[in-house]
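Below is one structure, written out as C-alpha cells; comments come after it.
Both counts, for ligands and for their atoms, begin at 1 and track the order of listing. Every value quoted in this text rests on a predicted model; they were computed, and no experiment measured them.
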Amino acid sequence: MWNKQYSGTFITLEGGEGSGKTTQIPHLARFLRSAGYSVVVTKEPGGTRPGKSMRSILLKNTTDPIDPKCELFLFLADRAQHIAEVVNPALEAGKIVISDRHADATVAYQAFGRQRDLTFIANLNRFATSELKPALTFLLDQPPEVGLARCRNRASMNRLDREELAFHKRVRAGYRKIARSEPDRIRIVNANQSPEKVEAAIRRHAERFIEKRLG
Ligand code: TMP
C-alpha cells in the first residue's frame, strides 16, 4: 500500500543474515539526502528505547530457550512501538523513513523459518502495523551459505544466526515468495556481488522510484 494518509515515504531493506543491509542503508540514505529529501534511518528490532530491551532479549547469544510464540510477540511488540514512536511521526512530518527490516521479516523468519501459520502471522502483522506498509522494499537476496559465512567472520553472532542451515534456506525461500507476490513493492537485488554493484543496483531503482512516485 502506498502511504496515502502520510506525506512521507516508507522504505525497507530486508534479507537473510549477512546480506549487507547495514552496509547499503547509509549509501541509500546519502543518495536520497543528496536528492533533497529529509531521511530518517531506523531499524527493527531495536529502533526505540523499549525496542532495544526487546532486541536484547530476542537476539542475545545465550543458551536460554525462547518459546517461538514469545519470540513472535516480541518482534510484533517492538514493531508496534517503533511505528508509533518513530515511523508514523516521521512520515507525518513528510520524511523518508528507511528501516533495516520490518514486517516482511516476521513472515520470512517466524512463518516460513519456524513453519508457523502464515495467514495468522500476516494478520498479527497487520494489527501490529495498523496496516501501514512500505512503499518500497529492497530484498537483498543471496544463498544463506554466503551470508552465514560473512556472519561467522564477525564477533557478534546472534541467536538467530545460529539456527541450522535448513532454517535459513526456508527464510530465503519465504522472502522470495513474498517478493513474487508483491512485485510492485519489492525489488529483489542480487546481494551475491560486490558491495559497489549492490549499491549501484539499489541506487538505479531508487532513482526510478523517485521519478515515478515522488516526482
Ligand atoms: P539484524 O539486525 O542483523 O538484521 O538482526 C535481526 C535478527 O532478527 C535477524 O536474525 C532477523 C531476525 N528477525 C526476525 O526473526 N523477525 C523479525 O520480525 C525481525 C524484524 C527480525
- Among Thr137, Val97, Leu32, Val39, whose side-chain contact (heavy atoms from CB on, under 4.5 Å) with Ile11 holds? Leu32
- Query: Val87 and Met54: same hydrophobic cluster, using ILVMFWY side-chain contacts below 4.5 Å?
  - Reply: no
- Numbered in order shown, the ligand 1 atoms found under 4.0 Å of a heavy atom of Glu44 are 20 (C)
- Quick one: look up the protein heavy atom nearest atom 4 (O) of ligand 1 and list residue, atom name and how far away it is. Arg101 NE, 2.5 Å
- Which atoms of ligand 1 have any heavy atom of Arg55 under 4.0 Å away? 1 (P), 2 (O), 5 (O)
- Taking the non-hydrogen atoms of Lys21, is any one of them nearer than 4.0 angstrom to ligand 1? yes
- Query: Short N/O distance, under 3.5 Å, between Asp100 and ligand 1?
  - Reply: no
- Query: At what distance, to the nearest 0.5 angstrom, does CG of Asp161 lie from CZ of Phe167?
  - Reply: 10.0 Å
- Interfacing atoms of ligand 1 (cut-off 4.0 Å, heavy-atom, Arg79): 18 (O), 20 (C)
- Query: Measuring from Glu44:CD to Asp104:CG, what's the distance to the nearest 0.5 Å?
  - Reply: 10.0 Å
- Task: Determine whether Ile121 and Phe112 fall in the same hydrophobic cluster, where Ile, Leu, Val, Met, Phe, Trp and Tyr are linked whenever their side-chain heavy atoms lie under 4.5 Å apart.
- Result: no
- Item | Test of proximity, His102 against ligand 1: N or O pairs below 3.5 Å | no
- Looking at Gln110, Lys133, Arg79, which hits side chain to side chain donor-acceptor pair (under 3.5 Å) with Asn125? Arg79
- Message: I need the nearest protein heavy-atom contact for atom 15 (O) of ligand 1: residue, atom name and distance, please.
- Response: Gln110 NE2, 3.0 Å
- Task: Measure the spacing between CZ of Arg101 and OG1 of Thr22 and express it to the nearest 0.5 Å.
- Result: 8.5 Å
- Task: With heavy atoms only and a cut-off of under 4.0 Å, state how Leu160 meets ligand 1: side chain, backbone, both or neither.
- Result: side chain
- For ligand 1, which atoms have a heavy atom of Glu17 less than 4.0 angstrom away? 9 (C), 10 (O)
- Would you say Glu71 touches ligand 1, if touching means a heavy atom closer than 4.0 Å? no
- What distance do Asn192 atom CG and Leu140 atom CG have between them, rounded to the nearest 0.5 Å? 11.0 Å
- Kindly work out whether a path of hydrophobic side-chain contacts (I/L/V/M/F/W/Y, heavy atoms less than 4.5 Å apart) joins Tyr37 to Leu28. yes
- Query: Does Ile57 belong to the same Ile/Leu/Val/Met/Phe/Trp/Tyr cluster as Tyr109, with side-chain heavy atoms less than 4.5 Å apart forming each link?
  - Reply: yes
- Report the part of Asn158 (side chain from C-beta onward, or backbone N, CA, C, O) that has a heavy atom under 4.0 Å from ligand 1; answer both or neither where that applies. side chain
- Give the contacting part of Leu59 toward ligand 1: side chain, backbone, both or neither, where contact means a heavy-atom distance below 4.0 Å. side chain
- Item | Shortest protein heavy-atom distance from atom 14 (C) of ligand 1, along with the residue and atom involved | Phe75 CZ, 3.1 Å
- Which protein non-hydrogen atom lies closest to atom 18 (O) of ligand 1, naming both residue and atom, and how far is it? Thr106 OG1, 2.5 Å
